[in-house]
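Have a look at the structure below, then the notes.
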Amino acid sequence: MAAEGFSFEVTTRSKKSKARCGIIHTPHGDIETPAFVPVGTQASVKSLTPDELKDLDTHLFFVNTYHMYLRPGLDVIQKAGGLHAFMNWDRPVITDSGGFQIFSLAKKQELVKIGDDGVQFQSHWDGSKHIFTPETSMEYQNMLGSDIHIAFDDCTPYGVTHKQAEKSLTRTHEWAKRSLDCHGTKHALYGSVQGSVYEDLRKKSAKYISSLNFDGIAIGGVSVGESKAEMAQVLDWVCPFFPEEKPRHLLGVGELDDIPVLIAHGIDTFDCVQPTRLARMGYLYADNTAIDINKKEFAPDMNPIVDSCTCYTCVNFSRAYVHHLFRVRELLAYRLATIHNIHYMNTIITHIRSHIYET
């Protein structure tokens with residue numbers, strides 16, 4: 001049974017690739033696809049207000065369940081009336097299962113113990129011990145009240161053997177069933193496809209997850225060390241098995257040169273920290289690359305970051321001014337840079353959508 005108030009429709013398909021445009025309908029509004037999804041790890045896209053995100057035409061952003069669980073705590077968010085009310089955001093939100101954060105912790109083996117029932121881990125804040133299972137992950141995401149949830153999965157690290165990846169995949173598939181069994185229909189739930197860089201495992205996972213009653217499909221484990229060529233290869237393997245009527249989300253991928261590739265494979269939404277992280281480092285998108293505004297050559301440059309850009313930053317400020325803000329470490333630097341990079345990403349996506357309709 002589909003989630004309440006959630007549906008997806010494909011509005012057009014490209015004749016030259018698998019690219020498509022569509023609309024994801026949620027209780028908090030529609031998401032026009034394909035769409036870039038900024039990451040707001042701590043219930044905030046760093047340095048921006050919700051109104052600024054709306055002005056940038058952002059309709060969906062990503063919040064991490066693991067971090068919300070630890071800080072401020074689910075009791076605080078429930079007291080506020082849910083995640084939307086807590087952060088004053090009335091548009092759709094997607095949350096992850098917590099699996100990727102636990103995968104990151106697993107690099108320090110003493111912090112994480114993974115078993116068939118779930119995962120025991122130590123908080124990176126205070127060392128306290130916690131357990132995540134498919135059941136608790138679904139419970140926590142339901143408590144957050146986000147529109148789209150991800151099934152609990154075992155995020156396979158890059159470089160594992162086929163045997164290790166197969167064992168991890170078996171666990172992910174079992175956890176997918178358990179996630180579905182306890183999730184309910186109040187919010188949408190996406191199943192997660194894993195299998196590392198092994199063709200047989202990826203195809204097996206794509207077939208299996210697609211056979212279950214998920215509202216959408218998430219593709220995981222393609223941003224944990226794989227090359228761009230390997231990421232594209234995984235998409236070649238898995239996308240043909242996905243139901244046309246369900247939305248597809250690519251987890252953790254979204255550098256500039258990734259966008260044409262993933263959209264051509266029929267990906268509908270994708271999240272990535274790179275545009276906002278680069279912005280805070282002073283790398284600003286221009287001419288399909290990123291310029292380092294910290295460099296001395298920009299100190300006297302009175303041009304906008306991009307001449308044709310209509311974002312607030314480019315309309316109102318010069319490269320020289322943004323360079324100055326970074327050099328003196330003014331907080332406004334991060335805000336102006338982030339505004340520009342998200343606007344640049346969304347402009348690219350808008351142009352691609354128009355191209356898909358035309359072709």
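- Here the shortest heavy-atom pairing between H323 and I293 reads ND1-O, 2.7 Å.
- The hydrophobic clustering, which links ILVMFWY residues whose side-chain heavy atoms are closer than 4.5 Å, places I267 and V39 apart.
- Paired with S137 under the rule side chain to side chain donor-acceptor pair (under 3.5 Å), one option of E139, E135, Q141 passes, and it is Q141.
- For T172 against S192, the heavy-atom pair with the smallest separation is CG2-O, 3.8 Å.
- Clustering ILVMFWY residues whenever any of their side-chain heavy atoms sit less than 4.5 angstrom apart, transitively, puts V37 in a cluster other than the one holding L83.
- The structure places OG1 of T65 at 11.0 Å from OH of Y140, a figure rounded to the nearest 0.5 Å.
- Under the side chain to side chain donor-acceptor pair (under 3.5 Å) rule, R335 has a single partner from H340, E52, E330, which is E52.
- F36 and I150 fall into different hydrophobic clusters, where Ile, Leu, Val, Met, Phe, Trp and Tyr side chains are chained together by heavy-atom contacts under 4.5 Å.
- With respect to the salt-bridge test (charged N to carboxylate O, under 4.0 angstrom), the residues E174 and K177 qualify.
- Taking each heavy atom of A279 and A337 in turn, the nearest pair found is O-CB, 3.3 Å.
- Going from atom CE of M143 over to atom OG1 of T136 covers 11.0 Å, rounded to the nearest 0.5 Å.
- For H67, the ring pair (Phe, Tyr, Trp, His ring centres under 6.0 Å) partners two or more places apart in sequence, or in a different chain, are H124.
- Proximity of a side-chain donor or acceptor of T347 to a complementary backbone N or O of H343 within less than 3.5 Å is detected.
- For the residue pair I349 and F270, the shortest heavy atom distance occurs at CD1-CZ, 3.7 Å.
- The backbone N or O of L56 lies less than 3.5 Å from a partner atom in the side chain of N346, making a donor-acceptor pair.
- More than 12 heavy atoms of other shown residues, nucleotides or ligands fall within 6.0 angstrom of atom CZ in R13.
- Side-chain N/O atoms of D126 and S128 include a donor and acceptor closer than 3.5 Å.
- Neither I94 nor L53 shares a network with the other; the hydrophobic side chains, linked directly or stepwise wherever heavy atoms of I, L, V, M, F, W or Y lie under 4.5 Å apart, form separate groups for each.
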(Q) Let's go through D90 and K54 carefully: what are the C-alpha distance in whole Å and the side-chain angles of both, what is the deciding distance for salt bridge (charged side-chain N to carboxylate O under 4.0 Å, His left out) to 0.1 Å, and is it a yes or a no? (A) CA-CA 10 Å; D90 59 4; K54 291 179 182 179; 2.9 Å; yes
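- Here ring-ring contact (aromatic ring centres under 6.0 Å, His included) pairs that include residues 278-299, with residues two or more places apart or in two chains, are Y285-Y344.
- The aromatic rings of F132 and Y69 stand perpendicular to each other, their planes meeting at an angle above 60°, with 30° marking the opposite boundary.
- The aromatic rings of H183 and H149 stand perpendicular to each other, their planes meeting at an angle above 60°, with 30° marking the opposite boundary.
- Of the inter-residue distances, the one linking T58 atom OG1 with I31 atom CD1 reads 11.5 Å to the nearest 0.5 angstrom.
- Shortest non-hydrogen contact noted between F241 and A206 is CB-CB, 3.9 Å.
- In this structure, N316 places its CG atom where more than 12 heavy-atom neighbours from other residues, nucleotides or ligands lie under 6.0 Å away.
- Residues L325 and L336 are in side-chain contact: their nearest non-hydrogen atoms beyond the backbone lie under 4.5 Å apart.
- Not a single donor-acceptor pair under 3.5 Å links the side chain of N341 to the backbone N or O of L284.
- Transitive grouping of hydrophobic side chains (ILVMFWY, heavy atoms separated by less than 4.5 Å) keeps V273 and L48 in distinct clusters.
- Put simply, OG1 on T269 and CD1 on I263 are 10.5 Å apart, with the number rounded to the nearest 0.5 Å.
- For residues 222-243, the side chain to side chain donor-acceptor pair (under 3.5 Å) pairs, not counting sequence neighbours, are Y158-E230, S227-E230, K228-E255, K228-D257, K228-D258, D236-H265.
- For the 3.5 Å distance criterion, the side chains of H59 and D57 qualify, holding a donor opposite an acceptor.
- Ion pair K246/D215 not flagged as a salt bridge, since none of the NZ, NE, NH1 or NH2 atoms sits closer than 4.0 Å to an Asp/Glu carboxylate oxygen.
- Considering CH2 of W89 and NE2 of H28, their distance stands at 11.0 Å, rounded to 0.5 Å.
- Nearest heavy-atom pair across R20 and E244 is NH1-O, 2.8 Å.
- Once rounded to the nearest 0.5 Å, the distance linking OG of S179 with CE of M138 reads 4.0 Å.
- Residues D154 and Q194 fail the side-chain proximity criterion, which asks for heavy atoms closer than 4.5 Å.
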